Structures are given as C-alpha cells and as structure tokens.
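We count residues from 1, following the sequence as given. Quick caveat: nothing in here was measured; it's all calculated off a predicted structure.
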Amino acid sequence: MKKIAFIVTVFIGLGLLFSCEKELRDPKLDPSQAVKPEISSPTSGSSFVLLKDQADSVLTTFIWSETHYNLTDLETTKYILEMDLEQNNFSSPYTLTSTTSTAYEMTVTQMNKILLVLELDPDVAYDLAFRVRSFVNSITTYSNVISAVITLTITPYSDEIFIKPIYLLGSGTTIGWSNILALPMEHIGQGQFARVETLTPGSAQYIKFISVLGQWAPQWGTDATGTAEGGILVYRPTESVPDPPAIPVGVDAGPYYIMADTLQLAYETFLTSGELYLLGDATLAGWDNTAGLKLTEDQPHVFSIITTLNATGTMKFLEVSGQWAPQWGTNGDGSNKKGFLIYRPTEGVPDPPGIPAPSVAGQYKITVDLTTMQYTVEQQ
C-alpha cells in the first residue's frame, strides 16, 4: 500500500509540475494590464485658428507614447489617430492616420480640408476630440487599447475645395491593372467615393484604388482581414511604402456598388440587380413598390426613362420590384433637375431623401448614371 501511495503521489506531483509548465508556456494577452498610449502633443485645451495664408505651414504634430502590453512576443503595434466632434463622443470617428509610428504631422491645409469635407462651416470654432487607438490584431477588437481623449478648438477658413476623384482598377475590372485606364470614382460626400462597375469573380480577381492616373502611389488596398464585402482600407502614400494587399472580388459576376471611404479608411461592395424601377408620389406608380416603372439601360450602368411626372411629391429608384432595398435616393442638396445618388443597400440602412418633383407637371426624361452617381431630370 505504501508503494502504491508513493506512485500516486509521484503522478500527482508530475501533474502539478506539467500544469505549472503549461501555464508558464501559454501566458495570455490581457489588454486591461496594458500601459495605454498617451498623447503628449498638442496640449489638450489648445485653440487653433486656421489661416489661408499659412496653408502650407505645420499646424501641429500629434505625438503619443507607445502601448505596452503584458506580453512582449507580439505583432507590431498599430496606431490609429481618431477625431470627432466632442459632443459626438466618438460615435462616428474619423481616421486621421493609421500607422506603426507614434507621431503624425498635420499642415494647416490638411486639417482645413478635412473639416470642410466633413461639412463643417468656415469661421466657426469647433471643439474636436482626439484619441489614439492601438491594437496588434485587427481581426477582433480584443487587443484594442485606447488613450485618454484630448480636445482642441479649431476654426477652419473658407476655401474652395476641389476634391479629385480616385480611380478603380484591378484584375476583377474591365480595364485590368492599367493605371492609365483606371475608372474614376465620384466623391459623394465626407471623403466617400463610389461607382457601380461590373466585376468578374475568381480566386485571382482583385481590385484597388489609386489617386493619380499613371502612378501606383498613392493607392489604397486592404489588409489580411479584408473581404469581398468590405473591410479596412490601407493607404500607401508613396512608392517607398510596400503595396497593401488587394481587395478580393465577390463570387458572383455582375454590377457592383463599390464605395471607398478615404477618411474613415473603409470600403464596401454590394452586388446590384442591374435593373432600376421608378416610383414615388411624383410618378404615375405612386409608392406601390410592385408597380415601379422600369428604366432602360442605355449603356453599361446608365439608365433612362421618359415618363409623366407630377408637380408635387418625390421619387426614388428600386433595384428589385416589390422590395424597398436596395434603393437609390439623393442627399440634402439634390434638386428637381439634378443631384447625387445615395445608395441604400439593405433594410438596415436609413432611407435616403427622395428626389423632388419638378415644379411643372409634364413629360420628363430621367437619366441615372451609376458610374458618376448622378441623376438628371429634363423636360421633354
């Protein structure tokens, strides 16, 4: 019995030893133990009045400390500098930079352009909040560590903002990887660019975005987590920076709504039906989504219809008869003659405003160009 007891004791001891060794070999990442990044410059509470004659001057350099996790054998830490109106509490933050560095320099014109693109009024002081979000793995938010927030008061100046298009290209497009024939994407507001374009599926079919025809930088791709439906945009500012991975194409061939958000560094793609139906109380169909008037596709992704319109009400376009999504409306600036198209891909997205009826009832030609994201209404 003593011998048996001794053997049992030895096995228990070995079990405890192996358990301890396993515990030592498999430490766990615990973000709650991390030393958070801390923004040291600029000083919270500082005020900046932006001046046009100082446009090329450095406004400020954001500097922050490194994040220190409780483990050392990790991927390189990434940092995202985020900005939002203070009262929004980062409900929809804007990405100023995504980097592995701990500093980011901004010029006066860079900040001014961002504020105007975000549709903030010139000559008005805004309280803006800034924070740094760090992570080692973008697949989940588990490793996210967020700095304390600093606030700055910034007053933009009035300026004419010419927003150059970005361009779509890739093996999944009709023009391939030709950076000279790349397809322009229209700016639809707040740093977002969009276009409907036919994509070819396949395991080796991809897309990217560039900002200058004939050049490979600047460009936008994605990271290892990017899918055919959406993901993170990774920016390549110059040729000296490695190419980011290309964005994969979906499994179905057809016309896709493609949106690239260059401020929040995100993209989305949705397969469209390739059809459009007109409805609304400004039309003969009313708001019966089974009675929409079908538009004719005159050329790829450009549709038209000649029909009678009322002098009151609004109208929209549906992609599938009998369904309220996907649908196309306009934005707050859309008129009864022309405007930008706003896409509602699913029922989970709020309805865009309707297109206003013409001031006089009669026959009109309505043209919808999904390559430029614009519509026109012309009396016949």
Do Asp288 and Thr290 have side-chain N/O donor and acceptor atoms under 3.5 Å apart?
yes

Output yes when a side-chain donor or acceptor of Arg344 lies under 3.5 Å from a complementary backbone atom of Val349, and no otherwise.
yes

Please check if atom NZ in Lys338 has more than 12 non-hydrogen atoms from other residues, nucleotides or ligands closer than 6.0 Å.
no

Should we say atom CD of Glu38 is surrounded by more than 12 heavy atoms from elsewhere, each under 6.0 Å from it?
no

With Trp220, the ring-ring contact (aromatic ring centres under 6.0 Å, His included) member among Phe193, Phe209, Tyr235:
Tyr235

Residues, nucleotides or ligands: over 12 heavy atoms within 6.0 Å of Asp56 CG:
no

Verdict with reasoning, Thr99 to Tyr104, per side-chain contact (heavy atoms from CB on, under 4.5 Å)
CA-CA 9 Å; Thr99 180; Tyr104 179 63; 5.8 Å; no

Audit row: Tyr343, Met259, side-chain contact (heavy atoms from CB on, under 4.5 Å) steps and yes/no:
CA-CA 10 Å; Tyr343 190 49; Met259 190 281 292; over 6 Å; no

Quick one, Thr107 with Thr109, criterion side chain to side chain donor-acceptor pair (under 3.5 Å). Give me CA distance, side-chain angles, the key distance, then yes/no.
CA-CA 5 Å; Thr107 64; Thr109 190; 5.5 Å; no

Look only at the side chain of Thr269 and the backbone of Ala228, and say whether a donor-acceptor pair between them is shorter than 3.5 Å.
yes

Please check if the side chain of Gln380 supplies one atom and the backbone of Glu378 the other of a donor-acceptor pair under 3.5 Å.
yes

May I ask you to check whether Trp328 and Phe303 place their ring centres under 6.0 Å from each other?
no

Using 4.0 Å as the upper bound for N to carboxylate O, is an ion pair formed by Arg131 and Glu82?
yes

Indicate whether the side chain of Gln264 and that of Thr95 have a donor and an acceptor atom separated by less than 3.5 Å.
no

Closest heavy-atom pair, Leu128 versus Leu115, reported as atoms and distance to 0.1 Å, is CD1-CD2, 3.9 Å

State, without any angle test, whether Asn310 and Thr312 hold a side-chain donor-acceptor pair at a distance under 3.5 Å.
no

